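Working notes, structure below.
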Amino acid sequence: MSRVFSGVQPTGNIHIGNYLGALKQFVDLQNDHECVYCIVDMHAMTVPKSAEELRNSILDVAALYLAIGIDPEKSIVFVQSDVPGHAELGWMLTCNSYTGELSRMTQYKQKSKNKESAPTGLFMYPVLMAADILLYDAALVPVGDDQKQHIELTRDLAIRVNGKYGEDTFVVPEGSYMKSGARVMALDDPTSKMSKSAENEMSRISLMDSPAKIKKAIMRATTDSDGIIRFDIENKPGISNLLSIYSAFSGKTVADLEKEYDGSGYGTLKKDLVEVVVDALTPFQEKYNEIRHSDELIRILQNGAEKANAISEKTIARVKKNLGMGTGAGRKLTF
Ligand code: ATP
Ligand code: LTN
């Protein structure tokens, strides 16, 4: 069984973009893959926040993982900083990366824009992400479209190190992207991606939003004025985004939805979409409230960290051996 790895940052409200682009795949992949799902708190530190906020967000994402259907009996669920291998491998990869390639990362360019001095962590972020993936010998990485460039960098680093130190050093991973949902756009501006950090609350639907908030955001969603329900990202980005969201939640194809709503107004489509989204999110919210403050949640994360550590230590031992580092002393690493 090939291994899957992915991570979500514990930063604020997880939205339907995160769900449809990445999290939904996490659930689907667990039946025929060995899945490792991480809460990447070291990545979240690239944007400053208080200790309390970070700790709460970690548990929020952990509870959400379980609420959407990640099964800890099937998948490993853990917190990144509970496994020291991420930081160790991060340094080994840092020494094999170039400042030029990191400067070209669009996420870094966007997030450091208008800042007088950009945090070093933001610059190094993609190398740590590569370490996350390579640490688990993952073959497949389910993510949204916006992470494609980071996945390419991960592949480049793996291939580079393998070329220098031996082909058995790293498994070269592939990204996995959804057909509908890989890039969910903001409801108030369908030309930019739905984001946790956008100021306007109505630009997104968070997984924990109330039916009233969901209704308000969808009914207000920006559309064009020609009144025709047709998928055409270029000319009709608003309606196309709503059709994609509808399709991803309902399982109906966009073509079927176009037929179903042929001749209907935007209001009808939006009203039905509210129902589809509310019906999909309600069971997640119920499960979330059940487990968010339970001891069970902590036990699952501890158990997950133990299993993740066992895999990580093997990779670290293999990579250190290939790179000529250390002696194997000080830790239970067998070379
Ligand atoms: P944001 O940009 O909303 O602040 P993020 O991309 O910084 O979020 P994560 O929480 O780490 O942070 O993202 C988790 C997963 O969700 C990633 O795989 C990412 O590609 C995916 N994702 C984020 N936004 C979208 C979107 N609008 N559409 C589809 N997938 C998305
Ligand atoms: N960079 C990702 C989060 C992330 C990740 C990973 C995803 C960190 N490490 C490893 C997949 C695999 C983001 O911002 N969306």
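Read the numbers this way: they start at 1 and go in the same order the structure lists the ligands and their atoms. Please read all numbers here as calculations on a predicted model, not as lab measurements. Hydrogens, waters and symmetry mates are skipped; everything else that's a heavy atom, side chains included, is used.
With a 4.0 Å cut-off on non-hydrogen atoms, Asp146 does not touch ligand 2 at all. Only the side chain of Val141 comes within 4.0 Å of ligand 2, judged by heavy-atom distances. Within the 4.0 Å heavy-atom criterion, the part of Lys111 lying near ligand 1 is the side chain and not the backbone.
Heavy-atom separations between Ala186 and ligand 1 are all 4.0 Å or longer. Using 4.0 Å as the threshold, His150 has no heavy atom nearer than that to any atom of ligand 1. Taking 4.0 Å as the cut-off, Arg204 does not count as a neighbour of ligand 1 on heavy-atom distance.
Taking 4.5 Å as the limit, some side-chain heavy atom of Tyr19 sits within range of a side-chain heavy atom of Phe249. A heavy-atom distance below 4.5 Å is found between the side chains of Thr11 and Lys49.
Interface atoms of ligand 2 facing Phe5, defined by a heavy-atom separation under 4.0 Å, are 10 (C), 12 (C). Per-residue contacts place Ala182 under 4.0 angstrom from the following atoms of ligand 1 (heavy atoms of the residue considered): 28 (N), 29 (C), 30 (N). Listed by number with element, the atoms of ligand 1 under 4.0 angstrom from any heavy atom of Gly21 are 29 (C), 30 (N).
Of the N or O atoms in Tyr125, none lie within a sub-3.5 Å distance of an N or O in ligand 1. Among the atoms of Met194, some N or O lies under 3.5 angstrom from an N or O of ligand 1. Close N/O approach between Gln107 and ligand 1 is not found [any backbone or side-chain N/O within under 3.5 Å].
Taking all heavy atoms of Ile14, Asn18, Val8 into account, the minimum distance to atom 22 (N) of ligand 1 is reached by Asn18.
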